[in-house]
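On a predicted model such as this, the values are computed, not experimentally measured, just so you know.
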Amino acid sequence: SRSLPSMAAVSEVRGGPSAGGSLVADENLEEDEEGEELDEGQGERQSLRVRRPPPRQRGENHVFVGRRQAPVVLFKIVRRLLDTRGFTEVHVHGMGATIPKTVHLGQDLLSHYGSRLALEPSIGTVAAVDEVLDDYEPTVEERRGSSLTLRLYKVAPVESASPPLAFQ
């Protein structure tokens with residue numbers, strides 16, 4: 001009897017979560033009399049969807065927000081890029097479910113740096129490609145996802161217009 005490969009096997013063959021992708025499987029499964037996994041409603045075999053992230057810009061000052069990353073870690077990464085590595089601007093990218101975390105990170109950075117940091121947000125839509133494994137023949141499906149990019153850049157501190165008071 002034939003059955004679908006295990007999640008680990010698909011992960012290794014297709015470069016699943018370890019390669020930055022994720023696996024999504026149908027939930028309501030049964031086994032037929034030959035041991036094959038079937039969908040309850042239609043009597044068809046299960047299909048696995050391997051989701052790959054969209055291609056990334058490769059600059060060192062581009063930070064990509066992930067679902068499993070803690071906000072404090074992202075905050076430290078951006079601070080290190082701005083303070084230690086000497087970058088004058090950092091691009092923070094969020095897509096789909098990570099957009100709220102991206103906004104919170106931008107707010108935390110702006111409150112930390114105050115008037116020394118400026119923000120230029122941009123929104124858009126990106127194409128994401130899913131590989132669907134159905135009957136051991138992969139097919140490719142494209143979907144659209146929302147994205148947010150925050151360009152955080154250093155600005156010169158603003159000097160006050162009045163001269164400093166001299167003490168006598």
Side-chain angles (χ1 to χ4, degrees), residues 5-27 47-133 138-167:
S6 69
M7 295 290 250
V10 172
S11 176
E12 291 172 9
V13 171
R14 292 284 171 202
S18 61
S22 62
L23 297 173
V24 178
D26 294 335
E27 289 294 325
S47 64
L48 294 175
R49 180 178 302 261
V50 180
R51 292 187 175 171
R52 297 185 182 273
R56 299 177 172 181
Q57 290 102 355
R58 297 290 180 194
E60 189 177 349
N61 63 338
H62 288 263
V63 177
F64 296 89
V65 177
R67 288 186 296 179
R68 296 180 185 164
Q69 288 177 308
V72 68
V73 172
L74 293 164
F75 184 77
K76 288 179 181 180
I77 290 171
V78 174
R79 280 190 54 204
R80 186 178 309 123
L81 289 171
L82 289 171
D83 297 339
T84 308
R85 300 268 177 100
F87 286 101
T88 58
E89 70 178 24
V90 174
H91 300 268
V92 180
H93 302 276
M95 182 179 134
T98 63
I99 289 177
K101 190 185 291 188
T102 305
V103 171
H104 288 238
L105 176 62
Q107 289 174 335
D108 291 344
L109 289 164
L110 288 173
S111 68
H112 177 76
Y113 285 99
S115 63
R116 297 178 294 155
L117 197 67
L119 169 69
E120 183 181 305
S122 62
I123 58 171
T125 305
V126 295
V129 177
D130 294 338
E131 288 183 357
V132 179
L133 301 174
T139 59
V140 177
E141 292 181 3
E142 185 175 308
R143 61 185 167 88
R144 309 295 281 173
S146 56
S147 67
L148 172 68
T149 301
L150 302 178
R151 178 179 168 250
L152 298 157
Y153 56 97
K154 291 181 180 178
V155 294
V158 179
E159 298 291 327
S160 62
S162 61
L165 298 174
F167 292 103

So Y113 and L152, do their side chains get closer than 4.5 Å, heavy atoms only?
no
Residues which pass side chain to side chain donor-acceptor pair (under 3.5 Å) with E120, listed by chain and number, not counting sequence neighbours:
R151
Can you give me the closest heavy-atom contact between V126 and S147, atom names plus distance?
CG1-OG, 3.8 Å
Specify the closest pair of heavy atoms between L110 and L117, including all atoms of both residues, with the distance to one decimal.
CD2-O, 3.7 Å
Measure the CG-OG1 distance between L82 and T88 for me, rounded to the nearest 0.5 Å.
8.5 Å
Could you give the distance from CZ (R116) to NZ (K154), rounded to the nearest 0.5 Å?
8.5 Å
For the residue pair L81 and N61, what are the closest heavy atoms and their distance?
CD1-CA, 4.2 Å
Quick one: does any side-chain atom of D130 pair with a main-chain N or O of E141 as donor and acceptor, under 3.5 Å?
no
Donor-acceptor pair, K101 side chain versus G66 backbone, under 3.5 Å?
yes
For a quick test of reading the model, state the closest non-hydrogen atom pair linking L150 to G106 and the distance between them.
CD1-CA, 3.9 Å
Closest approach of M95 and A128, non-hydrogen atoms and distance?
CE-CB, 4.4 Å
Reported CD-to-CG distance for the pair Q69 and L74, which is rounded to 0.5 angstrom:
4.5 Å
Would you call the rings of H93 and F64 parallel, tilted or perpendicular if under 30° counts as parallel and over 60° as perpendicular?
parallel
Option among L109, D108, D83 that satisfies the side chain to side chain contact (heavy atoms under 4.5 Å, CB included) test with V78
L109
4.5 Å side-chain heavy-atom contact, F75 and L105
yes
Would you confirm whether T98, through its side chain, and G94, through its main-chain N or O, come within 3.5 Å as a donor-acceptor pair?
no
Note: E142 and R144 closest approach over all heavy atoms is OE2-NH1, 3.9 Å
